[in-house]
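Data block below; observations after.
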2 protein chains.
Amino acid sequence: MKIRDNYTCPLELTHDIIRGKWKPIILWQLGKGAASLSTLQNDITEIGQKMLLQHLGELQHFGMVQKQLFEGYPLKVEYSLTDKGMRMLNVIVSMQEIGIELMLEDGKEEFLKSKGLI
Amino acid sequence: MKIRDNYTCPLELTHDIIRGKWKPIILWQLGKGAASLSTLQNDITEIGQKMLLQHLGELQHFGMVQKQLFEGYPLKVEYSLTDKGMRMLNVIVSMQEIGIELMLEDGKEEFLKSKGLI
DNA sequence: CAGCATCCGATCTGATACTG
DNA sequence: CAGTATCAGATCGGATGCTG
């Protein structure tokens, strides 16, 4: 993603941070706790490794996610939310909640039930 | 914007609704009250007419915005938030708030003051 | 004033192949 | 397991000109 170096409005900044097809779901997953690259890739069905790494990198750039490296083989890495990331998670949670509301109003109860969301 | 006809997750739906460079600011502006096309274009500096119309159309598609036509010349149109749009505004407000927090932590007080945001 | 059509460069996404 | 490089197609953003 093209990263700007300044913003004309706070809204624009937040919008950029969660921009991209996979950013919200990555934050959502990390909200459950730290995870390795492969764990994330298993949990987020259909995401490719390249997009996962790219979006993780952008989230690190914005200070939402931190990476911890463990020495030795096999390689081990743990991604987790920073304090900022946890606060950003509030926005993600709001998005999830209103999304559920909208889907309910659109007659998607069955779908939501099948996902265990209601 | 390419519009999907189904979503695998509520978060994905909300993310799509506010996707695009100008959607959050358009919702923000309409949160202040109904507005005409030209009013919006004046208030949102730098947006072009095409993007404004396109994003307004998408917000209407998702039921966030409604359009009221007035008969006679000169033509008059009023865009405003629907009930859903007003609820979505809560997400936008959260985004603005966390954006302000992040900018403060990044030493942007002067900028925010100049905008009257703090 | 409100809105549409077209064209083009910039960006985004994803598949594939390769490295430590 | 974690991460990089490259390439192609889809999408996005914006400038411009035209219509009712």
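If you're wondering where the values come from, they're calculated on a predicted model, not measured in any experiment. In what follows, every chain begins at residue 1, and chains take the letters A, B, ... in the order their sequences are listed.
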In whole angstroms, how far is the [atom2] atom of [N] from the [atom1] atom of [X]?
X: Leu52(A); N: dC1(D); atom1: CG; atom2: P; answer: 14 Å
X: Met51(A); N: dA10(D); atom1: CE; atom2: P; answer: 16 Å
X: Glu46(A); N: dA15(C); atom1: CD; atom2: C1'; answer: 14 Å
X: Ile18(B); N: dC12(D); atom1: CD1; atom2: P; answer: 15 Å
X: His15(B); N: dC12(C); atom1: NE2; atom2: P; answer: 12 Å
X: Gln54(B); N: dC12(D); atom1: CD; atom2: P; answer: 8 Å
X: Ile47(A); N: dG3(D); atom1: CD1; atom2: P; answer: 14 Å
X: Gln41(B); N: dA2(C); atom1: CD; atom2: C1'; answer: 10 Å

Could I get the full list of side-chain hydrogen bond (donor to acceptor under 3.5 Å, both in side chains) partners for [X], not counting sequence neighbours?
X: Glu12(A); result: Arg4(A), Thr8(A)
X: Glu105(A); result: Arg87(B)
X: Asp83(A); result: none
X: Lys113(A); result: none

Any donor and acceptor pair, going by atom type alone, linking the side chain of [X] with main-chain N or O of [Y] inside 3.5 Å?
X: His15(A); Y: Ile25(B); value: no
X: Lys23(B); Y: Arg19(B); value: yes
X: Asn42(A); Y: Ser38(A); value: yes
X: Glu58(A); Y: Met1(A); value: yes

Restricting both atoms to N or O, compile the protein contacts to nucleotides 17-20 of chain C shorter than 3.5 Å, with distance only.
none

>> Using a 4.0 Å cut-off on heavy atoms, which residues in residues 61-71 of chain B reach DNA chain D? List them by number, or say none.
In response: none
> Which one, dT13(C), dC4(C), dG3(D), comes nearest to the side chain of Leu53(B)?
Replying inline: dC4(C)
> Can you name the side-chain contact (heavy atoms from CB on, under 4.5 Å) partners of Gln41(B), sequence neighbours left out?
Replying inline: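 Once residues adjacent in sequence are excluded, the partners of Gln41(B) under the side-chain contact (heavy atoms from CB on, under 4.5 Å) criterion are Ile47(B), Gln49(B), Leu52(B).
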>> Using the side-chain contact (heavy atoms from CB on, under 4.5 Å) criterion, which residues pair with Pro10(B)? Sequence neighbours excluded.
In response: Gln96(A), Ile100(A), Met103(A), Leu112(A), Leu117(A)
> Which residue, Leu81(A), Ile92(A), Asp43(A), forms the side-chain contact (heavy atoms from CB on, under 4.5 Å) with Leu30(A)?
Replying inline: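 For Leu30(A), the side-chain contact (heavy atoms from CB on, under 4.5 Å) test succeeds with only one of Leu81(A), Ile92(A), Asp43(A), which is Leu81(A).
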> Does a nitrogen or oxygen in the side chain of His55(B) sit under 4.0 Å from OP1 or OP2 of dG13(D)?
Replying inline: yes
>> Below the 4.0 Å mark, does dC1(C) have OP1 or OP2 next to a side-chain nitrogen or oxygen of Tyr79(B)?
In response: no
Sub-3.5 Å pairs of nitrogen or oxygen atoms, protein against nucleotides 5-11 of chain C:
residue : atom : partner : partner atom : Å
dT11(C) : OP1  : Lys2(A) : NZ           : 2.9

> Mind checking what makes salt bridge (charged side-chain N to carboxylate O under 4.0 Å, His left out) contact with Lys84(B), not counting sequence neighbours?
Replying inline: none
> Are any of the side-chain nitrogens in Lys67(B) or Glu78(B) under 4.0 Å away from the carboxylate oxygens of its partner?
Replying inline: no
>> Near DNA chain C, counting only heavy atoms under 4.0 Å, which residues of residues 21-37 of chain B show up?
In response: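 Ser36(B), Leu37(B) - these, ordered by number, are the residues of the stretch whose heavy atoms sit under 4.0 Å from the strand.
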> For Phe70(A), what are the other residues in its hydrophobic cluster, where any two members join if their side-chain heavy atoms are less than 4.5 angstrom apart?
Replying inline: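 Members besides Phe70(A): none; it forms no cluster.
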